[in-house]
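Chain naming here is simple, since letters A, B, ... match the order of the sequence lines and numbering starts at 1 in each.
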2 protein chains.
Amino acid sequence: MDDSDTRTKLLDAAEELFAEKGFAAASLRAITGRAGVNLAAVNYHFGSKEGLARAVVRRRLEPINRERMARFAAIRSGGRPDIREVLAAFVEPPFLSCGRDSRVPAFVAMISRAFAEPENVMQSHFFELMGPVWQEFLGLAAAALPDLGRDELFWRLNFVIGAMSHAMRCLDRLPPLEGFSAVSAPDILARLMPFITAGMEA
Amino acid sequence: MDDSDTRTKLLDAAEELFAEKGFAAASLRAITGRAGVNLAAVNYHFGSKEGLARAVVRRRLEPINRERMARFAAIRSGGRPDIREVLAAFVEPPFLSCGRDSRVPAFVAMISRAFAEPENVMQSHFFELMGPVWQEFLGLAAAALPDLGRDELFWRLNFVIGAMSHAMRCLDRLPPLEGFSAVSAPDILARLMPFITAGMEA
DNA sequence: GTCTATAACTAGATAGAC
DNA sequence: GTCTATCTAGTTATAGAC
């Protein structure tokens, strides 16, 4: 599993190119070229382009979701949850994981795009992996804000996810407005949390 | 310019397929097949797939942006702007335009994805068309919230855009949580406005 | 303006040697 | 496990008849 491993080189190159060009536009020839491995290695190690994409998503999303679930469990073991805590448990892990590996920002931006893209192989796998996390997030948010109607809660959490995933895309490439200082993942996170907390409590 | 016009049939079919599959995955064969016109008509009328994509974006985004600019001008002619008014001038037009044509929700979702997608032909055209609108939006928001630092304002507007564009994607296809009542564009808008207003004023 | 036919290219996948 | 060579099928784009 070291970096010179063909499997790992393929995962790294695919992650970069899916982030840069999207799933459909990143060809296996471009991926194997960047990885410095043979074209046929994709089918040998992952079966297909789709199998490679699923492995790319799983490699980084599973640890992030494990951390989210651990934090949800910790909140559940306390008393009535605080909405700020619940939001932080969901939102912080992807941003904080950026500090552990310089490749993570590209992945985080890519997964956010996979979420936005239509009819996509990566998207369906993403939804499978997110299912249990969603359920916990929704349940704890409802416990934290018991006076909010179910539909109102649902939509507000969707707005949280929209703001978060757009912020995640900004990790990789800033939006088209210029003249602003570049910022790190913790900086964006520090600005995002008050915004979504206020929105949830509106 | 009636619906039986080849140009219009192509624009409609391309809009649908770009929304369903994304730009790269929607082939000209699929588009011309759905439109019921000949494959070569794309090059005759639009020059290339890229030209078709640009025309799809322009057709609906230009009227939406004209409405935004008119509302910004109205706000400018008053006294110190209210942040709620400024946000509404930017956010409402795409949602309200959904009521005027049943094809608009698919377009609105598509344009939001084009914004999220990387290195994309549609994205570069989208940014060109949005440039002046961005500048006005940023300037008026700064006037409405003069105590907010420039970077803080910038990031909060980005969170607004994230929440809005995710909501726009929901117009076309609901997120993976089930059991919620389907809602119309005005319903989503009515829930979105208090959320982002609270976030901006946090 | 619309068609057929095809050029020129790229895609993902795989067979089989090593 | 890794390579070369190739297959099959898809892509955009265009030339030229009508």
Length of the line joining K49(A):NZ and dT10(C):P, which is rounded to integer Å: 15 Å

For atom CZ of F46(A) and atom P of dA13(C), their distance in whole Å: 13 Å

Sub-4.5 Å side-chain heavy-atom contact between F159(B) and M164(A): no

Nucleotide dA13(D), atom P - distance to NE2 of H45(B) in whole Å: 16 Å

Spacing between N43(A) atom CG and dG16(C) atom C1', to the nearest angstrom: 15 Å

Options dT4(C), dT2(D), dC3(D), nucleotide nearest the side-chain atoms of T6(A): dT2(D)

Rounded interatomic separation in angstrom, taking CD1 from I31(A) and P from dA13(C): 11 Å

Electrostatic pair R59(A)-E15(A), nearest N-O below 4.0 angstrom: yes

A40(B) side chain, from C-beta outward: closest of dA15(D), dA13(D), dA13(C): dA15(D)

Pairwise side-chain contact, V104(B) with R100(B), heavy-atom cut-off 4.5 Å (strictly under): no

F95(B) vs M168(B) side-chain heavy atoms within contact, under 4.5 Å: yes

Spacing of L10(B) atom CG relative to dG1(C) atom C1', expressed in whole Å: 12 Å

L28(B) CG to dT11(D) P, straight-line distance once rounded to whole Å: 9 Å

Touch class at under 4.0 angstrom, heavy-atom based, for A41(A) against every strand present: nothing

Which residue lies more 5' along DNA chain C, comparing R29(A) with L39(B) via nearest heavy atoms: L39(B)

Integer-rounded Å distance: dT14(C) P and Y44(A) OH: 15 Å

dG1(C) phosphate, OP1 or OP2, under 4.0 Å from N38(B) side-chain N/O: no

